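Counting from 1, the numbers follow the sequence of the chain as shown. Bear in mind that the values here come from a model prediction, so they are computed numbers and not experimental data. All values below come from the heavy atoms of this structure, side chains included, with hydrogens, waters and symmetry mates left out.
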Amino acid sequence: MPKVGIVMGSDSDLKVMSKAAKTLEKFGIDYEMTIISAHREPDVFFEWAKGAEDRGVKVIIAGAGMAAHLPGMCAALFPMPVVGVPLSGSKLDGMDAVFSIMQMPPGVPVATVAIDGGMNAAIMAAKILAVSDTELLEKLKAYTVEMKEAVQAKAARLDEVGYEAY
């Protein structure tokens, strides 16, 4: 049963949204992924978003560009957390999507990550789920240690070989 639903409006969003899927896989989190255009097939979208809770979904990650209505509409229909991923690619390089996703009206919040931040959306979803899952929390703590060690290794290499050889 999927704990996270990943939705995007177009297959052109897959490059970014696949990073969310890969990150969820790293943490062993089950998910479902689909492409639904809220504008071109609203009936399909409504059915998917309204049925997510019954399918076991606890968090939705919704990627959208330009007008970026998908995350907000998910938040309007789904009673649990929604993480919005603003996507670049428009003439405004994703800034239009950022403003659309983060400027939700009172009572309909969407957590918003950076432009093209599919990986961070998955980490946010994992952190939300970890509130009630101690095994997942331990995986997140281990991941934090991995990131720290990776930076320390890079610093040690820089010290060893200098910036020109790095």
Side-chain angles (χ1 to χ4, degrees), residues 1-36 38 44-65 68-88 94 97-98 100-156:
M1 189 175 273
K3 290 187 176 181
V4 177
I6 301 173
V7 63
M8 65 206 90
S10 170
D11 62 347
S12 63
D13 305 334
L14 195 54
K15 181 178 178 184
V16 170
M17 300 308 285
S18 66
K19 294 175 185 175
K22 287 178 185 172
T23 303
L24 292 172
E25 290 167 3
K26 175 183 174 72
F27 291 114
I29 299 170
D30 292 333
Y31 65 91
E32 62 181 36
M33 178 185 277
T34 192
I35 299 168
I36 303 174
V44 174
F45 169 73
F46 271 64
E47 182 179 325
W48 182 86
K50 284 187 162 219
E53 182 181 7
D54 289 340
R55 294 191 309 278
V57 172
K58 304 293 183 203
V59 181
I60 289 177
I61 298 172
H69 292 117
L70 196 60
M73 287 303 298
C74 285
L77 297 167
F78 180 69
M80 290 180 270
V82 175
V83 181
V85 181
L87 299 169
S88 62
V98 167
S100 180
I101 295 170
M102 54 187 262
Q103 293 298 326
M104 292 300 299
V108 190
V110 174
T112 309
V113 297
I115 296 170
D116 294 337
M119 179 181 168
N120 269 357
I123 293 170
M124 178 60 72
K127 287 185 174 198
I128 291 167
L129 295 170
V131 168
S132 61
D133 184 335
T134 55
E135 183 180 327
L136 180 55
L137 180 58
E138 291 307 312
K139 290 178 183 179
L140 284 163
K141 289 177 181 179
Y143 178 69
T144 299
V145 171
E146 288 174 29
M147 289 190 301
K148 176 183 175 183
E149 290 172 350
V151 172
Q152 290 173 337
K154 291 173 185 178

Does [X] have more than 12 heavy atoms from other residues, nucleotides or ligands lying within 6.0 Å of its [atom1]?
X	atom1	result
Met147	CE	yes
Met73	CE	yes
Gln152	CD	yes

Quick one: pull up [atom1] in [X] and [atom2] in [Y] and give me the separation to the nearest 0.5 Å.
X	Y	atom1	atom2	result
Thr34	Met8	OG1	CE	7.5 Å
Ile123	Leu140	CD1	CG	8.0 Å
Asp116	Ser88	CG	OG	3.5 Å
Lys50	Phe45	NZ	CZ	10.5 Å

Shortest non-hydrogen contact from [X] toward [Y]:
X	Y	answer
Leu87	Gly63	CD1-C, 3.6 Å
Val59	Ile128	CG2-CG2, 3.7 Å
Ile101	Ala68	CG1-CB, 3.7 Å
Thr112	Pro86	CG2-CG, 4.0 Å
Phe78	Ala49	CD1-O, 4.1 Å
Ala76	Val108	N-CG1, 3.8 Å

What verdict does the side-chain contact (heavy atoms from CB on, under 4.5 Å) test give for Asp133 and Lys3, after you've listed the backbone C-alpha separation in whole Å, the side-chain angles of each residue and the deciding distance to 0.1 Å? CA-CA 12 Å; Asp133 184 335; Lys3 290 187 176 181; 3.8 Å; yes
What residue pairs, at least two apart or across chains, pass salt bridge (Lys or Arg N to Asp or Glu O under 4.0 Å) with a residue in residues 12-36?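 Every pair satisfying salt bridge (Lys or Arg N to Asp or Glu O under 4.0 Å) with a residue in residues 12-36: Lys26-Glu146, Glu32-Arg55.
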Could you tell me if the side chain of Trp48 sits less than 4.5 Å from the side chain of Ile60, heavy atoms only?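 Sidechains of Trp48 and Ile60: in contact.
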Working note: Met17 + Ile61, criterion side-chain contact (heavy atoms from CB on, under 4.5 Å); need CA distance, chi angles, decisive distance, verdict. CA-CA 9 Å; Met17 300 308 285; Ile61 298 172; 3.7 Å; yes
Whether the side chain of Asp11 engages the backbone of Ile35 through a donor-acceptor N/O pair (distance < 3.5 Å, no angle test) should be reported.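 Judged by distance alone, no pair lies under 3.5 Å.
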Test side chain to side chain contact (heavy atoms under 4.5 Å, CB included) applied to Leu129 and Leu24, Leu136, Leu137, the passing residue: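 Of the listed residues Leu24, Leu136, Leu137, the side chain to side chain contact (heavy atoms under 4.5 Å, CB included) partner of Leu129 is Leu136.
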